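I have placed the structure first, in the form of structure tokens, so that the comments after it can refer back to it.
The structure presented is a predicted model; accordingly, all values stated were derived computationally and were not measured.
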Amino acid sequence: MPTRYVLKIPCPITGCAGQSKLSQWVCAKDNGTMYVDEDGFLSCYSNNHRAKIIYWKFDCGERGSGSKHNYERYQSADLEGFSHAMAIGLPHLKEAGAVWVTKLIQSVEKQFLNGDR
């Protein structure tokens, strides 16, 4: 069974103003805290909604001028955006350890590069 940690990353949508602030994400369907595991899956607190990162869409709530979320609220991340978000968020997962973080990075890269949709 994969180990889950609370998802604390900035907005993973490339070019979004929300890319500069760390957020704790919630599931739009049940308002539960979102978690990430080393296999590259996101899930809500209840684990009722679990899927590979590439299947999730994100809304950081940013609605200012030039926001990427003004016209399409929920958007899919690309590898660049999600990698940037992980680079900022992963230092806050000290309890996860290097092996867990390495596996997560490899899993996410595999999803995006293989077009694992």
Side-chain angles (χ1 to χ4, degrees):
M1 181 90 180
T3 304
R4 302 186 320 160
Y5 292 99
V6 173
L7 182 65
K8 290 182 185 176
I9 59 171
C11 186
I13 305 305
T14 301
C16 180
Q19 283 189 302
S20 62
K21 58 183 172 189
L22 202 59
S23 299
Q24 183 169 316
W25 294 83
V26 297
C27 178
K29 291 185 179 181
D30 64 15
N31 268 349
T33 300
M34 292 297 302
Y35 291 83
V36 61
D37 67 45
E38 70 270 29
D39 292 335
F41 283 75
L42 296 181
S43 56
C44 59
Y45 176 78
S46 65
N47 220 8
N48 288 334
H49 312 111
R50 182 177 186 268
K52 291 181 179 179
I53 287 169
I54 58 169
Y55 293 120
W56 286 89
K57 291 189 176 189
F58 298 86
D59 175 22
C60 66
E62 190 68 40
R63 298 291 185 272
S65 177
S67 170
K68 295 286 187 171
H69 301 282
N70 281 340
Y71 302 106
E72 186 178 343
R73 185 174 172 191
Y74 294 99
Q75 296 189 27
S76 298
D78 60 12
L79 180 58
E80 177 186 351
F82 205 84
S83 296
H84 177 265
M86 286 195 312
I88 294 170
L90 287 178
H92 301 278
L93 281 177
K94 295 176 189 148
E95 69 273 16
V99 172
W100 186 95
V101 169
T102 300
K103 187 170 180 189
L104 171 62
I105 291 168
Q106 291 170 339
S107 297
V108 170
E109 182 182 46
K110 183 178 172 185
Q111 288 178 34
F112 281 101
L113 295 181
N114 292 341
D116 196 2
R117 291 191 181 263

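- Two residues are said to be in side-chain contact when any heavy atoms from C-beta on lie closer than 4.5 Å; Trp56 and His49 meet this criterion.
- Residues satisfying the ring-ring contact (aromatic ring centres under 6.0 Å, His included) criterion with Phe41, sequence neighbours excluded, are absent altogether.
- Remark: Tyr45 pairs with Tyr35 by the side chain to side chain contact (heavy atoms under 4.5 Å, CB included) rule, at least two apart or across chains.
- Between the SG atom in Cys11 and the CD atom in Gln75 there is a gap of 7.5 Å [rounded to 0.5 Å].
- When hydrophobic clusters are built by joining Ile, Leu, Val, Met, Phe, Trp and Tyr residues whose side-chain heavy atoms come closer than 4.5 Å, directly or via intermediates, Ile13 is not grouped with Ile88.
- The minimum heavy-atom distance between Val36 and Trp100, with the atom names listed, is O-CZ2, 3.6 Å.
- Distance check: Asp37 CG to Ser43 OG gives 6.0 Å after rounding to the nearest 0.5 Å.
- If you take NZ on Lys8 and CG on Leu90, they are separated by 13.0 Å, rounding to the nearest 0.5 Å.
- Rounding to the nearest 0.5 angstrom, the gap separating the CG atom in Leu7 from the CE atom in Met86 is 10.5 Å.
- With Glu38 contributing its side chain and Thr3 its backbone, the two residues share a donor-acceptor pair below 3.5 Å.
- Going from atom CZ of Phe58 over to atom SG of Cys16 covers 12.0 Å, rounded to the nearest 0.5 Å.
- When every heavy atom of Ser107 is checked against every heavy atom of Gly40, the shortest pair comes out as CB-N, 3.8 Å.
- Arg4 places a side-chain N or O within 3.5 Å of a backbone atom of Cys44 that can act as its donor or acceptor partner.
- By the salt bridge (charged side-chain N to carboxylate O under 4.0 Å, His left out) test, Lys103 pairs with Asp39, sequence neighbours left out.
- The side chain to side chain donor-acceptor pair (under 3.5 Å) pairs that include a residue from residues 13-25 are Thr14-Asp78, Lys21-Glu62, where partners are two or more places apart or lie in different chains.
- Under the 4.5 Å side-chain heavy-atom criterion for grouping Ile, Leu, Val, Met, Phe, Trp and Tyr, Val108 is connected to Leu113 within one hydrophobic cluster.
- Between Ala77 and Phe82, the shortest heavy-atom distance links the atoms CB-CD1, 4.1 Å.
- Atom SG of Cys27 sits about 14.0 Å away from atom CZ of Arg50, to the nearest 0.5 Å.
- Shortest non-hydrogen contact noted between Val101 and Ala96 is CG2-CB, 4.4 Å.
- Annotation: side chain to side chain contact (heavy atoms under 4.5 Å, CB included) contacts of Thr102 (sequence neighbours excluded): Gln106.
- Here Arg63 pairs with Asp59, His69, Asn70, Arg73 under the side chain to side chain contact (heavy atoms under 4.5 Å, CB included) rule; sequence neighbours left out.
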